[in-house]
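Step one of this worksheet: look at the structure below.
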Amino acid sequence: MADLLPEHPDFLWRNPEPKSSYDAVIVGGGGHGIATAYYLAKNHGMTNIAILERGWLAGGNMARNTTIIRSNYLWDESAAIYEHSLKLWEQLPEELEYDFLFSQRGVLNLAHTLGDVRESVRRVEANKLNGVDAEWLTPEQVKEVCPIVNIGDDIRYPVMGATYQPRAGIAKHDHVAWAFARKCDEMGVDIIQNCEVTGFIKDGNRVVGVETSRGRILTDKVGLAAAGHSSVLAELAGFRLPIQSHPLQALVSELFEPVHPTVVMSNHVHVYVSQAHKGELVMGAGIDSYNGYGQRGAFHVIEEQMAAAVELFPIFARAHLLRTWGGIVDTTLDASPIVSTTPVDGVFVNCGWGTGGFKGTPGAGYTFAHTIATGEAHPLNAPFALDRFETGHLIDEHGAAAVAH
Amino acid sequence: MILIECPNCGPRDETEYHYGGQAHVAYPEDPSQLTDKEWAEYLFYRDNPKGLFAERWVHTGGCRRWFNAVRDTVTYEFKAVYRSGEPRPDLASLSQAENNKEGAAK
């Protein structure tokens, strides 16, 4: 039997033993952590660094998200960082020498009420001013972009139009992680899996190392990129974060012929749908209401998003649900991320991306690497500092970000 | 779906309830005296433990009253429910009781 199997492909990264010290340590081997290590090595020449991952590489939210990439956020600060991220996405397949199926198939954000229409048109104009490609489509134009959308006026929430960002799209999430990881490894970054950070070693208020399940590692720079577990790590390090962790569920159907050419999101009836390259319909919606670290949620949340999906796409009525799952998302009160220094010297935090972190992967990595390397915010992440909750300079993307968080 | 024991109505499906986040967060006695940092703590900072959490729920589809509960945020299991105004059950003893139960099961 074994001689019938093909050769095992080359491993994309080593599995080194942790060294006793590094110039910087990233806690969390998900998309954001790996991207941060990549830009630390590439842009800042820091190659004596390690990514510490409690489980396996990209096995958390990076393996569980619905892979939507877009930058059509309302506020200037958000548009700037997400658009920068999208521009990085556009060059990454070549830069990482890995075709991770980045497909710029566009995103439609549907409007179902007069309030939706006004918000959408306003957001389109704001996007244009910020250099983000955006247009307002009538229901008939929506139908041209995505023929399977029901634009009839006999449903509870008829489609009254949509915003359209043609450069938005999807990518194959696990391949994105592997592409970054391979390049990190080539530049000398140690990717250390099955290595849980259990404590922080401090000299006064300055971090000097971390305790892990694989021994003590000395370092004077620690970047936290742990999404739903950010609060747990911050508590170990001795500070608090304005984060609440929630379950967020997603699901896929069985495989179908290509029927869905773009990405459709609806804030009002709350579902987002695309069709993966392999053929599954991929859907997600909102978080389960309660705080949770259980990587699963309630079925009524799935039922609600399926009801919304079937009303918008009658063709889905007989599609079978194949699989549902949950991740743990780190939400903030203003639905915007935190990429920042912290009250502990040498500890930096990237968190609060909530339900939308995948699209931000390169942008988060790029700016977070700058903050870790220089100790200062990059202009793109300066507005996303932890102290905005004290100064009142919130970036309120709740309802403004084209989808409820 | 979780079955939640309302202190007034008894066990009902999760869909009858709404969530209210961390319990026992008092409105500041004199808000005008707070520093910006303290005000931010009151407005935006809430505990986010992995494990037992004292939190608020409202039985929207029933008695419409708020109450408190201690729930495990990993297993989602409710350990205790109690009325607003009652003191928080001792979290340590709840988790100790749980450990004993697990020990006995082995």
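Remember, it's a predicted structure, so these values are computed and weren't measured experimentally. So that the names make sense, note that chain A is the first sequence line, chain B the second, and so on, each numbered from 1.
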Checklist entry - CE/B/Met1 to CG/A/Asp288 distance, rounded to the nearest 0.5 angstrom? => result 10.5 Å
By a 4.5 Å heavy-atom criterion (distance strictly below it), what part of [X] contacts chain B: side chain, backbone, both, or neither?
X: A/Leu394; answer: side chain
X: A/Phe299; answer: backbone
X: A/Leu241; answer: backbone
X: A/Glu235; answer: neither

Checklist entry - Just checking heavy atoms, which of residues 68-76 of chain B are less than 4.5 Å from chain A? => result B/Arg71, B/Thr73, B/Val74, B/Thr75, B/Tyr76
Checklist entry - Could you name the residues of residues 39-63 of chain B that have a heavy atom within less than 4.5 Å of a heavy atom in chain A? => result B/Ala40, B/Glu41, B/Phe44, B/Tyr45, B/Arg46, B/Asp47, B/Asn48, B/Pro49, B/Lys50, B/Phe53, B/Trp57
Considering residues, nucleotides and ligands other than [X], do more than 12 of their heavy atoms fall under 6.0 Å from its [atom1]?
X: A/His393; atom1: NE2; result: no
X: A/His268; atom1: NE2; result: yes
X: A/Trp325; atom1: CH2; result: yes
X: A/Arg296; atom1: CZ; result: yes

Item to check | Winner by heavy-atom pair count (cut-off under 4.5 Å) against chain B, out of A/Ile243, A/Asp387, A/Asn291 | outcome: A/Asn291
Checklist outcome for this item: In short, B/Glu14 meets A/Ala298 closest at the heavy-atom pair OE1-CB, 3.6 Å
